Amino acid sequence: MPSPCETQRVPTWLLFTVPCPTRSGATADDLLRKRLDMITPEMSASARELGCRFHRAWVAADRSAFYAVACWETIDGARTFFERWGIEAEEGEIATELSGDIGLVPEP
């Protein structure tokens, strides 16, 4: 008999980190503003359709980095979204796929 962990669908969490300023001079605030200007209702609807459950972005308090966290039902849904909307990695960006899903409160 499979364990509960084997039968539950585990979402894909992605952590994006961009040290700032970038080589080309983009600041953390620049990267945050870019997303504010880029995200449209159509883009949000597309993300939901492709399985995005959660997405948020922040800047470090000292402005040394930009961070974003996203939760997708599948990594394929995330890839399709990035391709569909022409989203490419920022200069110096590190994307980390996180595994495991332990927390104190229910997922968003």
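Values in this document were obtained by computation on a predicted structure and should not be read as measured data.
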For this session: Measure centre to centre between the rings of F66 and W58, then say whether the value is under 6.0 Å.
Result: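 Ring centres of W58 and F66 not closer than 6.0 Å.
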
Exercise. For the residue pair W72 and F81, is the inter-centroid distance of their aromatic rings smaller than 6.0 Å?
Worked result: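 Yes.
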
Please tell me whether [X] and [Y] are part of a single hydrophobic cluster in this structure, the criterion being side-chain heavy atoms less than 4.5 Å apart.
{"X": "I94", "Y": "Y67", "value": "no"}
{"X": "F54", "Y": "I75", "value": "no"}
{"X": "F16", "Y": "M38", "value": "yes"}
{"X": "L32", "Y": "I39", "value": "no"}

Problem set entry | side-chain contact (heavy atoms from CB on, under 4.5 Å) partner of E91, chosen from L31, T22, V18 |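 That would be T22.
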
For this session: State, with a plain yes or no, whether a side-chain heavy atom of E93 is found less than 4.5 Å away from one of T17.
Result: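 The answer is no, as the side chains (C-beta and beyond) never meet within the 4.5 Å cut-off.
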
Exercise. L14 and H55: side chain to side chain contact (heavy atoms under 4.5 Å, CB included), yes or no, with the steps?
Worked result: CA-CA 9 Å; L14 301 170; H55 177 272; over 6 Å; no

Exercise. Are any of the side-chain nitrogens in E90 or R35 under 4.0 Å away from the carboxylate oxygens of its partner?
Worked result: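 Yes.
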
For this session: Identify whether the distance between the nearest side-chain nitrogen and carboxylate oxygen of R33 and D37 falls below 4.0 Å.
Result: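 Result for this pair is yes, salt bridge flagged.
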
For this session: Look only at the side chain of E73 and the backbone of P11, and say whether a donor-acceptor pair between them is shorter than 3.5 Å.
Result: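 It does not hold such a pair.
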
Problem set entry | Heavy-atom donor-acceptor pair, S46 side chain to E42 backbone, under 3.5 Å |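 Checking the backbone N and O of E42 against the side chain of S46, no donor-acceptor pair under 3.5 Å is found.
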
For this session: Report the distance from atom CG of L50 to atom CH2 of W85, rounding to the nearest 0.5 Å.
Result: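 Separation between the atoms: 10.0 Å.
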
Exercise. If you measure from CZ on F82 to CD1 on I87, what distance do you get to the nearest 0.5 Å?
Worked result: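 The CZ atom of F82 sits 6.0 Å away from the CD1 atom of I87.
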
For this session: Please report the shortest heavy-atom distance between G25 and D30, naming the atom on each side.
Result: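 It is O-OD2, 4.1 Å.
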
For this session: Determine, step by step, whether T27 and D29 satisfy the side chain to side chain donor-acceptor pair (under 3.5 Å) criterion, reporting the C-alpha distance in whole Å, the side-chain angles of both residues, the deciding distance to 0.1 Å, and the verdict.
Result: CA-CA 5 Å; T27 67; D29 290 314; 4.9 Å; no

